[in-house]
Amino acid sequence: MPDHSTDEQFLHRALDLARQGIGLASPNPCVGAVIVDRGGAIVGTGAYTFEGVKHAEVRALDHAGDKARGGTLYINLEPHSHQGRTPPCTDALIAAGIHRVVASMTDPNPKVGGRGFEKLRAAGIVVEIGGLEADARRLNEAFARYVRHGVPLVTLKSAMTLDGKIAPSPAAVVNRVPGTPPGGWITGEAARAHVQQQRHQSDAILVGVGTILADDSLLTDRSGNPRRRPLLRVILDSHLRLPLESRMVQNLASESACKNDLLVFCSSAVKEKDKKRELEARGVRVEEVPPAGSDGRPDLRAILWRLGQLEITSVMIEGGAAVNGAALGSGVVDKVFLYYAPRILGASSVPFAAGGGSHQPGEALHVQHLQLHRFGEDFAVEGYLRDPYEG
């Protein structure tokens, strides 16, 4: 009879291996695999990266060799049974003589989900599903949203005071420091370091041009962790006001800068064709999308479809009040990660969201599956407006 505490131990190891793929596996899922022989010893491990091509379970089989026969595979995601960039992993597992497969979850891709398990069972392999499922689902929620709907998972991140203010009144800001929010940082170093980890887990970051005009920020991934693709910086800029002298644009001209990682969406490229040409000459990608309404702002839903076409599986919004309000009002936000500092700025300061309409208490957006995080004096609230696995 299987020892479920031991199973959980090996699944934890598989999940740890899968997390090595953060920043390296997209647009595919993060997967880790562990093969254990009949005596309970680990004989093979593997983690997936996009550039490495081979899937985690095949890497584990390569590592284990003949010791895999009669053993158990622990894996956080269902082995695939279809031909893609690689042959079906199920065929390799069957050929290697794997006796039992313990997996955290079914593949969220509705076109193939469940077929891998069916093929393994048909070959006489014992299959058990569901261990550490919540952790496994969380790890690959961006992939699930992307593969099921063709758009990236959208996380709205913001840092604010206890009274919901993200910055002091513009009139109160005297000295501006490039790369620093107007009036200085609201949260402390620990929370800001965590934001860098959040950026590392994202394929793209999205802001309005107003943030660049106010902060002159670079919006880079400063986690220090490896990533396959540079963090795509997406700017909403209806009338192409992005300054040519901004640090973000100037940085593109340096030899060490990553190319094709700055994408500007506007709604009036024809009227601003000279500015468009100047930006593109400096390495900025400029694309036009239809406005969402009479205010001329680019349509966020159209932008997300375009990002999906570019194989962007996750976007973190780090905008100001207008972008936050537009994102919430348009219904594109999947989850929120809101940092709070034990401060109060007062009524004249900039609110977290503006212009997105108002709701009666019974109609307010409902944030579910809340988790609280502490960062010294600061704390954060994480939660979901929709389940990435639904639909």
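In this chain, residues are counted from 1 in sequence order.
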Ionic contact status for Arg115 with Asp107, cut-off 4.0 Å: no
Contact summary for His80 and Glu57, nearest pair of heavy atoms: N-OE2, 4.1 Å
Plane angle bin for His373 and Phe337 - parallel if under 30°, tilted between 30 and 60°, otherwise perpendicular: parallel
Plane angle bin for His194 and Phe375 - parallel if under 30°, tilted between 30 and 60°, otherwise perpendicular: tilted
Qualifying residue, where the test is side chain to side chain contact (heavy atoms under 4.5 Å, CB included) with Leu262 and the options are Leu232, Leu219, Val234, Leu252: Leu252
For Glu318, the option from Leu156, Ile205, Val323 that meets side chain to side chain contact (heavy atoms under 4.5 Å, CB included): Ile205
Polar side-chain atom of [X] near backbone of [Y] as donor-acceptor pair, under 3.5 Å:
X: Arg199; Y: Thr220; value: yes
X: Glu78; Y: Gly116; value: yes
X: Ser314; Y: Pro152; value: no
X: Asp215; Y: Ser217; value: no

Minimum side-chain heavy-atom gap Leu263-Ile235 below 4.5 Å: no
Flag if over 12 foreign heavy atoms under 6.0 Å of NZ, Lys67: no
For Asp203, the option from Arg228, Arg233, Arg229 that meets salt bridge (Lys or Arg N to Asp or Glu O under 4.0 Å): Arg229
